[in-house]
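Report on one structure; see the data block that follows.
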Amino acid sequence: MITVQGVTKRYGAFRALDDVSLTIPDGSLTALLGPSGSGKSTLLRTIAGLEAPDAGTVTIAGADATRLPPQERGIGFVFQHYAAFKHMSVRDNVAFGLSIRHRPKAEIRERVGELLRVVGLDGYQDRYPGQLSGGQRQRMALARALAVEPTVLLLDEPFGALDAKVRAELRAWLRRLHDEVHVTTVLVTHDQEEAMDVADRIAVLNGGRVEQDGRPRELYEDPASEFVMGFLGPVTRLGGRLVRPHDVALSGAPVDGAAETMVTRVVHLGFEVRAELVGRDGEPLEVQLTRSEADELELARGDIVWARWAPGGVSRAAALEAA
Amino acid sequence: MRTDRSWRIGLRVLALGYLAVLLLVPVGLVFWRTFEPGAGAVWNAVSTPAAIHAFWLTLEIAAIAVPLNTLLGIVTALALVRGRFRGKWLLEAVIDLPFAISPIVIGLALILVYGSGGWAGRWLGQHGFQVIFAVPGMVLATVFVCVPFVVREVAPVLREIGDEQEQAAATLGASRMQAFWRITLPAIRWGVAYGVVLTTARAIGEFGAVSVVSGKIAGQTETLTLLVEKRFQNFDLAGAYAASALLAVIALGTLLAMTLLKPRKESS
């Protein structure tokens with residue numbers, strides 16, 4: 001378990017972290033989610049010991065780690081830009097932590113071979129980082145971090161520098177790896193889809209504070225603030241209320257409690273149809289429908305339809321009174 | 001397109017012509033004049049006891065100044081790039097001082113401090129240690145004028161590689177020293193190599209500062225550059241050319257080493 005208690009970190013007048021407290025359960029895969037400048041990377045680097053907090057404590061596995069150097073925290077760290085040791089072969093990169101610990105050569109060889117199989121780089125032992133693709137480099141960096149059997153694995157935007165396809169692959173692969181290895185993992189990301197996809201817990205950061213933390217679905221369905229709601233998914237405004245575009249029902253005839261709107265644009269995105277509407281008061285509204293719903297309404301530009309909040313099927317649909 | 005091309009060719013001719021007139025022709029002429037009287041005469045000129053002594057003294061000074069400046073240069077570059085301390089701008093400026101100040105002034109400054117009238121020189125003299133008009137002073141002068149080379153070659157490389165690899169090494173359990181030897185030093189090795197080559201070339205070729213502090217005692221404090229000057233002043237032109245050619249050969253050897261050391265392509 002990692003416990004962060006009242007941590008503050010300032011850079012000059014800027015508060016990167018402002019009295020942050022957070023508990024990360026053992027064996028979880030927690031995402032620190034937030035926009036750039038929200039303090040998520042600073043928080044991760046503080047847990048790693050790469051930044052020293054101005055106030056507060058960091059506890060890792062029951063021991064106070066606040067003043068410990070990164071070498072003694074039992075962590076594995078993966079950087080966004082890989083931080084590959086460019087002058088070393090893949091084998092030497094992965095073996096680095098073990099060789100620092102003066103483990104026997106035979107043990108190192110065996111462990112490195114095993115890890116390279118796990119990350120799918122078997123046969124790349126003698127390559128240099130410059131000869132690998134971005135995704136391969138990041139997998140090498142993961143193997144390198146896992147080699148020292150860390151109690152905590154910390155990933156700083158690990159897929160941020162990769163293209164969309166490789167990113168999705170590695171994300172699924174990380175999820176499987178975590179199911180096998182069960183090491184407590186903290187992942188920094190600014191991509192809510194990535195966080196929802198891979199993490200079993202999410203802490204949303206904004207302006208150096210934790211806005212909310214919990215299970216992905218809790219955050220999506222029961223956001224504690226407008227910021228969390230907006231960051232985790234699309235939001236639209238209906239009758240002074242913030243709602244999810246897929247929680248808005250449209251009908252062709254007036255219904256109780258529904259607002260009269262006019263369709264300004266219909267976009268067909270395969271299964272999903274996105275409609276842009278405008279209310280009588282001129283307020284824009286965005287709605288997500290299934291294709292069959294849109295076909296049934298014969299939705300077209302210029303149509304007058306009635307919109308109401310109808311969280312269909314979802315037990316606790318997110319809606320916040322707009323500020 | 002055509003004018004573009006003629007422009008390019010014109011610029012190349014201009015650049016090459018400039019290099020030829022300023023560098024290649026004079027250096028080539030030195031070699032030509034050296035070997036004009038025949039190889040035997042050249043050998044005689046560079047194998048006199050004074051010439052042999054000058055040759056070894058030059059190498060000796062370089063052998064002390066180069067490792068010293070390499071070590072100092074790496075440490076200073078690390079402090080400049082990685083360090084966070086007050087007065088960094090001052091250190092930054094001081095490093096370039098030897099480039100900015102004429103070598104003669106550097107020599108005179110050393111005499112002021114370490115000469116028999118200087119405060120450090122007087123104290124050292126009382127303890128039987130002579131710096132000025134002796135080899136230690138010449139080493140000191142050479143070290144002084146060579147200070148910027150390694151720093152200025154290594155600092156940009158350090159800046160470019162950043163400290164992420166060092167941080168990664170730390171999270172993997174490496175101490176600062178381990179991270180330096182295993183990660184930082186291999187990463188900056190080409191910068192260090194260039195710096196060493198430039199320092200060596202300058203240490204061997206230094207004239208001004210060394211000339212002032214050496215006293216020019218034949219067979220004792222006379223380096224190759226000083227020997228060239230003396231022979232030239234004494235109208236021993238053949239001897240001067242021969243010693244110059246020897247210097248040029250050493251310098252060309254260093255340049256060749258630099259070219260051969262050129263980094264093989266390690267893509268990022």
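Proteins come first, then strands; the chains are lettered A, B, ... in the order of their sequence lines, and each starts at number 1. Note that the coordinates shown come from a computational prediction; the quantities given were computed from them, not determined experimentally.
For A:F77, the ring-ring contact (aromatic ring centres under 6.0 Å, His included) criterion is met by A:F79, not counting sequence neighbours. Here A:K165 pairs with A:E169 under the salt bridge (Lys or Arg N to Asp or Glu O under 4.0 Å) rule; sequence neighbours left out.
For residues 138-168 of chain B, heavy-atom neighbours of chain A at less than 4.5 Å comprise B:E164, B:Q165, B:Q167, B:A168, sorted by residue number.
Contact annotation for A:R73: neither backbone nor side-chain heavy atoms come within less than 4.5 Å of a heavy atom of chain B. For chain B, the nearby part of A:L50 is the side chain; its heavy atoms alone come within less than 4.5 Å. Only the backbone of A:A145 comes within contact range of chain B, with heavy atoms under 4.5 Å apart.
Of the listed residues A:P69, A:G49, A:A84, the one with more heavy-atom pairs under 4.5 angstrom with chain B than any other is A:A84. Ranked by heavy-atom pairs under 4.5 Å with chain A, the list B:G173, B:A187, B:P186 is led by B:G173.
In this structure, the side chains of A:I47 and A:L154 come closer than 4.5 Å at one or more pairs of heavy atoms.
Annotation: ring pair (Phe, Tyr, Trp, His ring centres under 6.0 Å) contacts involving residues 88-116 of chain A, sequence neighbours excluded, comprise A:F85-A:F96.
Of all heavy-atom pairs between A:Q136 and A:L121, the closest is O-CD1, 3.6 Å. Minimum heavy-atom separation, A:T66 to A:G56: CG2-O, 3.5 Å.
A donor-acceptor pair shorter than 3.5 Å cannot be found between the side chains of A:D54 and A:T8. Counting only N and O atoms by type, the side chains of A:D191 and A:T189 include no donor and acceptor under 3.5 Å apart.
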